[in-house]
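All remarks here apply to the structure that follows.
Being a predicted model, the structure only gives us computed values, none of them experimental. Only heavy atoms go into these numbers, but all of them, side chains included; no hydrogens, no water, no symmetry mates.
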Amino acid sequence: MNNKPIGVFDSGLGGLTAVKQIMKEFPNESVVYFGDTGRVPYGTKSPETILQYTRDDINFVRSFDVKMIIIACGTASSQALPMVKYENEDIPITGVVDATVYAAVRATKNKKIGVIGTVGTIKSGAYEKLIYEYDKDIEIHKTACPLFVPLVETGHFDTPVTRLVIEEYLEQIRDAGVDTLILGCTHYPLLKKAIGEYMGDNVVLIDPCAEVVKYLKKKLGSDMLHSDTPDKEQYRYFVSDDPKGFAQNGSIFLEKEIDGQVEKIDIEKY
Ligand code: DGL
């Protein structure tokens with residue numbers, strides 16, 4: 001048994017899709033969540049800045065003596081994971097890329113996979129590198145979708161403007177005939193309905209956080225990571241900017257009210 005909380009972080013709201021899955025799959029687990037809302041988006045920043053932000057985020061969640069960390073951010077996972085793993089060898093850290101790619105490679109029938117993500121994620125090539133490690137014959141069609149994160153952060157999940165932007169970004173990938181699309185940013189599952197309708201019923205959409213929690217399920221099977229009773233404060237949320245806005249929009253990500261306080265912290269101190 002290990003009743004310590006799981007640390008989860010993202011640049012903003014997107015990582016709450018991981019918290020939603022944890023709540024569903026592991027009702028006894030406690031979570032410390034950090035959304036770096038003061039510095040979002042990460043996707044347009046340089047690799048050096050992403051690494052620094054990721055280090056800060058890890059230091060912050062580690063201050064709660066968490067038992068493991070989920071980097072619920074495609075951008076931080078694809079650019080900083082190896083380094084921060086190396087720097088924090090004493091604690092398990094999981095990003096979203098591995099589990100997502102594994103699911104996509106298993107899902108594709110026609111060996112045509114689409115990958116979408118932030119500018120930083122697409123530039124890093126992290127998803128394609130790993131796809132090719134599994135199967136060199138897979139055809140990959142990728143594009144960065146920088147407007148998706150602000151649309152999601154402002155609650156435009158399925159509005160006419162969202163549909164217009166989806167068409168602009170995804171037309172070529174759809175026309176290439178992919179049968180699987182990696183939503184390589186944890187904000188994108190909030191656009192799943194609109195993206196799914198645009199891509200058509202035959203295209204499988206891979207949700208990174210859902211895949212990571214499935215992966216976690218294997219880990220939590222071991223005694224070290226299994227919790228029998230939740231903390232008194234089972235879910236704790238921290239942000240680096242306006243807590244009110246986070247609580248409001250966050251409830252849409254979680255599909256339930258955020259119970260408990262959302263606290264603002266100064267992430268630069270970590
Ligand atoms: N959820 C983050 C990701 O998966 C959002 C990216 C951003 O902050 O630009 O990449």
**OP:** Verify side-chain contact (heavy atoms from CB on, under 4.5 Å) between Ile265 and Phe60, making sure each step is shown before the conclusion.
**Re:** CA-CA 9 Å; Ile265 56 118; Phe60 174 69; 3.8 Å; yes
**OP:** Give the intermediate values and the outcome of side-chain contact (heavy atoms from CB on, under 4.5 Å) for residues Ile91 and Ile58.
**Re:** CA-CA 11 Å; Ile91 184 166; Ile58 286 185; over 6 Å; no
**OP:** Assess whether ring-ring contact (aromatic ring centres under 6.0 Å, His included) is satisfied between Tyr169 and Phe148, documenting all intermediate values.
**Re:** CA-CA 10 Å; Tyr169 285 145; Phe148 280 0; 5.2 Å; yes
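Both Ile22 and Val262 sit in one connected hydrophobic cluster of ILVMFWY residues. Membership requires side-chain heavy atoms under 4.5 Å apart, directly or through other members. A continuous path of Ile, Leu, Val, Met, Phe, Trp and Tyr side chains, each step under 4.5 Å between heavy atoms, connects Leu190 with Leu183, placing both in one hydrophobic cluster. In the hydrophobic clustering of this structure, Val61 does not group with Val19; members are Ile, Leu, Val, Met, Phe, Trp, Tyr whose side-chain heavy atoms approach within less than 4.5 Å, directly or through other members. Linking Ile, Leu, Val, Met, Phe, Trp and Tyr whenever their side-chain heavy atoms come within less than 4.5 Å puts Leu254 and Val40 in one cluster. Note on Ile166 and Val161: same hydrophobic cluster, where clusters join Ile, Leu, Val, Met, Phe, Trp and Tyr whose side-chain heavy atoms are under 4.5 Å apart, directly or indirectly.
Between Tyr235 and Glu29 the shortest heavy-atom distance is CE2-O, 3.9 Å. When all heavy atoms are compared, the tightest approach of Val119 to Ala144 is CA-CB, 3.8 Å. Between Leu51 and Ala80 the shortest heavy-atom distance is CD1-CB, 3.8 Å. When all heavy atoms of Ser240 and Asp36 are compared, the closest pair comes out as OG-OD1, 2.7 Å.
Across Val149, Thr17, Asp207, a single residue satisfies side-chain contact (heavy atoms from CB on, under 4.5 Å) together with Tyr188, and that is Val149. Checked against Arg55 for a side-chain contact (heavy atoms from CB on, under 4.5 Å), the options Val84, Ile50, Asn88 give a single hit: Val84. Considering Thr75, Asp10, Asp57, Thr118 in turn, Asp57 is the only one that fulfils the side chain to side chain donor-acceptor pair (under 3.5 Å) rule with Tyr42. In summary, of the residues considered (Glu168, His156, Glu197), a side chain to side chain donor-acceptor pair (under 3.5 Å) with Arg163 occurs for Glu197 alone.
Between Arg174 and Glu171 there is no salt bridge, since no side-chain N of the basic residue sits under 4.0 Å from a carboxylate O of the acidic one. Between Asp179 and Lys112 there is no salt bridge, since no side-chain N of the basic residue sits under 4.0 Å from a carboxylate O of the acidic one.
Lys67 contributes a side-chain N or O that, together with a main-chain N or O of Asn2, makes up a donor-acceptor pair within less than 3.5 Å. A donor-acceptor pair under 3.5 Å is absent between the side-chain atoms of Asn249 and the main chain of Leu13, judged by distance alone. Using modelled atom types, no side-chain atom of Ser77 and backbone atom of Gly95 make a donor-acceptor pair closer than 3.5 Å. With Glu139 contributing its side chain and Ile113 its backbone, the two residues share no donor-acceptor pair below 3.5 Å. Of the possible polar contacts, one joining the Tyr33 side chain to the Gly15 backbone as a donor-acceptor pair under 3.5 Å is found. The closest donor-acceptor contact from the side chain of Tyr127 to the backbone of Val101 lies at 3.5 Å or more, if one exists at all. Listed for the Lys217 side chain is no donor-acceptor partner under 3.5 Å among the backbone atoms of Val213. Side-chain N or O atoms of Thr37 include one that pairs as donor or acceptor with a backbone N or O of Asp241 at under 3.5 Å. Judged by distance alone, the side chain of Thr186 and the main-chain N or O of Ala72 form a donor-acceptor pair under 3.5 Å. Proximity of a side-chain donor or acceptor of Thr108 to a complementary backbone N or O of Val105 within less than 3.5 Å is not detected.
Here the CG-NZ distance, from Asn59 to Lys269, works out to 14.5 Å after rounding to the nearest 0.5 Å. The distance from atom CG of Leu170 to atom CD1 of Ile116, rounded to the nearest 0.5 Å, is 5.0 Å.
With 3.5 Å as the limit, one finds a donor-acceptor pair spanning the side chains of Glu153 and His187. Neither side chain, Thr121 nor Ser124, offers a donor N or O lying under 3.5 Å from an acceptor on the other.
Geometrically, Arg39 engages Tyr53 in a cation-pi contact defined by less than 6.0 Å to the ring centre and at most 45° from the axis.
A ring-centre distance under 6.0 Å is found for Phe64 and Phe238.
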